[in-house]
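Only heavy atoms go into these numbers, but all of them, side chains included; no hydrogens, no water, no symmetry mates. One-based numbering, in listed order, for ligands and for the atoms of each.
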Amino acid sequence: MEGDLTRAADLLKQAKSVAVLTGAGISKESGIPTFREAQTGLWANYEPEKLATPEGFLRDPALVWTWYDWRRKMVSSVTPNPGHYALVEIEKIVPDFTLITQNVDGLHRLAGSKNLIELHGNIARHKCFKNGHPALDVQADLKEPPTCLCGSPIRPDVVWFGEALDPKDLTKSFKAAEHADVFIVVGTSGLVQPAASFPFTAKKHGAKLIECNPERTPLSYEADFFLEGASGCLLPQLVEQMRR
Ligand code: BV8
């Protein structure tokens, strides 16, 4: 493992262009449960894919609203961890860096990442369901969604399952993957599309693939380096090796 980390760091030191895809795993050490982990308390009986959909919201707006309110409160009470900060350091070292995150917790932005694509939106932002009107100063602890001036219910400004991603974000992400010399995948089960296809696109265009995860995923067989472990511990070690 030590050898892999050193060799991965050498690759990054020589890289002109690096792209990174992160998932819920990078926020685990900040105290946020990953997406598919058994949700604590009231949510144990619901699959996130059933809640994080427009149909789920229309079927039971109060349930989906309070699920997001619970997550928003949790997110606002945690801070970025050494894994988030390590990516900020890599962005300073590498000439061309793009960070693509599936996470909606805003922790990469809080940590100071600059060239950041929040592919699935941000749980701290809201918009109206029907017309996408931005909704500011939404109260906490509401039992059901507030209503926009246009009369539509207000929802979190995240991309739900079955919803299209922002075409600009998609184009930027695929371009970063195609141009990357090295593509790093951190803390994702690699199940959600189209994000899960970016590492394969990078590989197809000649990038070296580094994966950081305590478990193997569908991406692992493609990885040139599989760094087994927690990102909060491994990514700072990668930065330390890059600075040698
Ligand atoms: C779309 C916001 C089309 C909401 C989320 C093609 C093929 C197959 C399926 C599809 C396809 N195209 C579309 C689909 C359907 C669907 C999909 O992919 N479904 C899956 C379930 C099969 N995709 C979509 O619907 C997407 N939309 O393609 O639209 C379209 C086009 C035109 C018009 C209309 C429609 C939209 C997907 C976005 C969904 N929204 N988030 C919210 O968060 O509430 S996705 C959600 O899952 C989160 O963002 C989360 O990040 C993401 C992915 O999960 P992971 O991040 O990977 O988290 P997970 O828990 O799974 O894994 C954690 C990992 O961390 C594990 O590997 C673990 O080992 C590791 N780990 C744990 N601890 C650590 C660690 N790693 C490092 N360090 C640690 N300490």
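Close approach to Asn103 involves these atoms of ligand 1, each under 4.0 Å from a residue heavy atom: 51 (O). Within ligand 1, the atoms closer than 4.0 Å to a non-hydrogen atom of Gly187 are 63 (C), 64 (C), 65 (O), 76 (N), 77 (C), numbered from 1 in the order shown. Atoms of ligand 1 found under 4.0 Å from any heavy atom of Pro194 (numbered from 1 in listed order, with element): 28 (O). Within ligand 1, the atoms closer than 4.0 Å to a non-hydrogen atom of Ala230 are 78 (N), 79 (C), 80 (N), numbered from 1 in the order shown. For ligand 1 and Tyr68, the ligand atoms under 4.0 Å from any heavy atom of the residue are 4 (C), 42 (C), 44 (O). Ligand-side atoms of ligand 1 in range of Gly23: 56 (O), range being under 4.0 angstrom from any heavy atom. Of all atoms in ligand 1, numbered sequentially from 1 with element shown, those under 4.0 Å from a heavy atom of Glu215 are 69 (O). Within ligand 1, counting atoms from 1 as listed, the ones closer than 4.0 Å to a heavy atom of Arg71 are 42 (C), 43 (O), 44 (O).
At a cut-off of 3.5 Å, with distance as the only test, a side-chain donor of Glu211 or Ser220 sits close to an acceptor on the other residue. In summary, the side chains of Ser27 and Asp105 do present a donor paired with an acceptor at a separation below 3.5 Å, with no hydrogens or angles considered. Residues Gln102 and Thr188 bring a donor and an acceptor atom of their side chains to less than 3.5 Å of each other. Looking at Ser113 and His84, their side chains never bring a donor and an acceptor atom within 3.5 Å of each other. A donor and an acceptor atom, one from each side chain of Ser189 and Thr217, are nowhere located under 3.5 Å apart.
By heavy-atom distance, the residue among Gln102, Glu211, Glu118 lying nearest atom 53 (C) of ligand 1 is Gln102. Closest heavy-atom approach to atom 55 (P) of ligand 1 among the candidates Ile26, Thr188, Asn81: Thr188.
A centroid separation of 6.0 Å or more is found between the aromatic rings of Phe183 and Phe198.
Using a 4.0 angstrom heavy-atom cutoff, Pro214 counts as in contact with ligand 1. Contact between Leu191 and ligand 1 is present, with at least one heavy atom of the residue lying under 4.0 Å from the ligand. Within the 4.0 Å heavy-atom cutoff, Val186 does not count among the residues contacting ligand 1.
At a 4.0 Å heavy-atom cut-off, ligand 1 touches Glu163 through the backbone alone. Residue contacts with ligand 1 for Leu51 are absent, since no atom lies close enough (heavy atoms, distance under 4.0 Å). Residue-level proximity to ligand 1 for Val104 is carried by the side chain, the only part with a heavy atom below 4.0 angstrom.
More than 12 non-hydrogen atoms from other residues, nucleotides or ligands lie less than 6.0 angstrom from CD of Gln193. Heavy-atom neighbours of Lys13 NZ from other residues, nucleotides or ligands within 6.0 Å: above the threshold of 12.
Ligand 1 has a nitrogen or oxygen under 3.5 angstrom from a nitrogen or oxygen of Asn213. In terms of N/O distances under 3.5 Å, ligand 1 is approached by Ser231. For ligand 1, the polar-atom distance check finds an N/O of Gly162 within less than 3.5 Å of one of the ligand's N/O atoms. An N or O contact shorter than 3.5 Å links Ala24 to ligand 1 by distance. Residue Val159 has at least one nitrogen or oxygen atom sitting less than 3.5 Å from a nitrogen or oxygen atom of ligand 1, judged on distance alone. Considering both main-chain and side-chain atoms, Trp67 never comes within under 3.5 Å of ligand 1 through any nitrogen or oxygen pair.
Ser30 places no side-chain N or O within donor-acceptor distance of the main-chain N or O of Ile32, the cut-off being under 3.5 Å. In this structure, the side chain of Asn213 does not engage the main chain of Arg216 through any donor-acceptor pair within 3.5 Å.
Remark: Arg72 is not positioned above the aromatic ring of Trp67, lacking an NZ or CZ atom under 6.0 angstrom from the ring centre and at most 45 degrees off the axis.
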Inset, instruction - For the pair Ile154 and Lys127, evaluate side-chain contact (heavy atoms from CB on, under 4.5 Å) and give the outcome as yes or no after the intermediate values. - result: CA-CA 6 Å; Ile154 286 169; Lys127 62 183 182 183; over 6 Å; no
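Both Leu170 and Ile117 belong to a common hydrophobic cluster when Ile, Leu, Val, Met, Phe, Trp and Tyr are linked at side-chain heavy-atom distances under 4.5 angstrom.
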